[in-house]
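To start, the structure under review is shown below, and the notes come after it.
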Amino acid sequence: MATTLGSKLENKTILSAAKVSFTYDPQPGDKSAVEWTFRDLSLQVREAEIVCIVGASGCGKTTLLNVIAGLLKPQSGSITIASAENRGRAIGYIFQQDALLPWRTVRANLALAEELRGGVFKRGSKERLARYMDTFNLKEQILDQFPAQLSGGMRQRVSIIQSLMFDPQLLLLDEPFSALDFYTKLRLESEFCRLVKEQRKAAILVTHDLDEAVAMANRVYIMDLNGNLSHEFEIDLQQNDGSVEAARGTPQFAQYYSAIWSELKSVIAN
Ligand SMILES: Nc1ncnc2c1ncn2[C@@H]1O[C@H](COP(=O)(O)OP(=O)(O)O)[C@@H](O)[C@H]1O
Ligand SMILES: [Mg+2]
């Protein structure tokens, strides 16, 4: 169903980042001289919500995802991630280039979550795998192939499924669809939107593609050159089936697009 204000408030907060500051500066002795990638950054993401971050190259988007993922330690602030009754891992991270292990078959790549759990098959894992394969339009035959034998679009799908097998609550995506051809991209965007809504996951999507951001997001943030999430846009395209084509076809789409683009232009120009 469409997210009305009422149902939105009931949605649980999955990620809460509060006043997070990060610098790559190894010796932040003299505070005034420190080059902060971002300072006092706060962000919340609720279940069934997709938040997109757009901004100039080098403004700190990937760094922010890495900090949220726990790969980089912030100098101050707090990051809280709600896990769903200890069901799975808290976070799944999907990169622009798939992170599949080339020496393993697709099946063995997809079994990674089980293996890291000590070979214990979680209840319903096989069914989930079959469902994801179906959702992302992958045939069973590819399970015995190696990543190099698949197209880029297929590899990226397998990579997304690999992350989903960990059953993460929060999905972090860093330009995940940018290397794909247009049709594959549209299809994956739609499938991903549906999955987040249906399974009530939360997602942060970094993209340089404004079109993609408006079509997929519940909220779009512009990150400025100082690493601030300086502008926030609530997107409500009133289409609930998750189809990005339908989203692009709504009359409001162009309005959101031009509103965000005009801010983004001035942010990048400054
Ligand atoms: N490992 C690193 N060490 C030092 N500086 C880095 C490192 N990674 C990124 N940076 C710098 O931090 C800034 C933000 O980078 P990044 O988060 O990759 O930006 P974006 O993803 O928005 O393009 C850039 O100025 C970049 O050069
Ligand atoms: Mg980046």
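Heavy-atom basis, side chains included; hydrogens, waters and symmetry copies ignored. One-based numbering, in listed order, for ligands and for the atoms of each.
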In the protein, what heavy atom is nearest to [atom], and what distance, to one decimal place, separates them?
atom: atom 1 (N) of ligand 1; value: Y24 CE2, 3.6 Å
atom: atom 14 (C) of ligand 1; value: G58 O, 3.3 Å
atom: atom 16 (P) of ligand 1; value: T63 OG1, 3.6 Å

Is the distance from the Mg ion (ligand 2) to some N, O or S atom of T62 under 2.8 Å?
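Short answer: yes, at least one N, O or S atom is under the cut-off.
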
Charged N-O contact under 4.0 Å between K201 and D167:
yes

Strictly below 4.0 Å, N to O, side chains only: are E175 and K61 in salt-bridge contact?
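Result for this pair is no, no salt bridge flagged.
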
With a 4.0 Å cut-off on heavy atoms, is C59 touching ligand 1?
yes

Tell me if the CD atom of E140 is crowded by more than 12 foreign heavy atoms within 6.0 Å.
no

Describe, in one word, how the ring planes of Y24 and F22 are oriented to each other, choosing from parallel (under 30°), tilted (30 to 60°) and perpendicular (over 60°).
perpendicular

Here's a test for you: under side chain to side chain contact (heavy atoms under 4.5 Å, CB included), which of V67, N226, T23, L229 qualifies with F38?
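It is V67; the other options fail the test.
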
Could you tell me whether atom 12 (O) of ligand 1 has at least one protein heavy atom nearer than 4.0 Å?
yes

Need the ligand 1 atom indices (1-based, order shown) with element for anything under 4.0 Å from a heavy-atom of S57.
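So the atoms of ligand 1 that pass are 23 (O).
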
Report yes if T62 has an N/O atom closer than 3.5 Å to an N/O atom of ligand 1; otherwise report no.
yes

Do L195 and L164 make a side-chain contact, defined as non-hydrogen atoms from C-beta onward lying under 4.5 Å apart?
yes

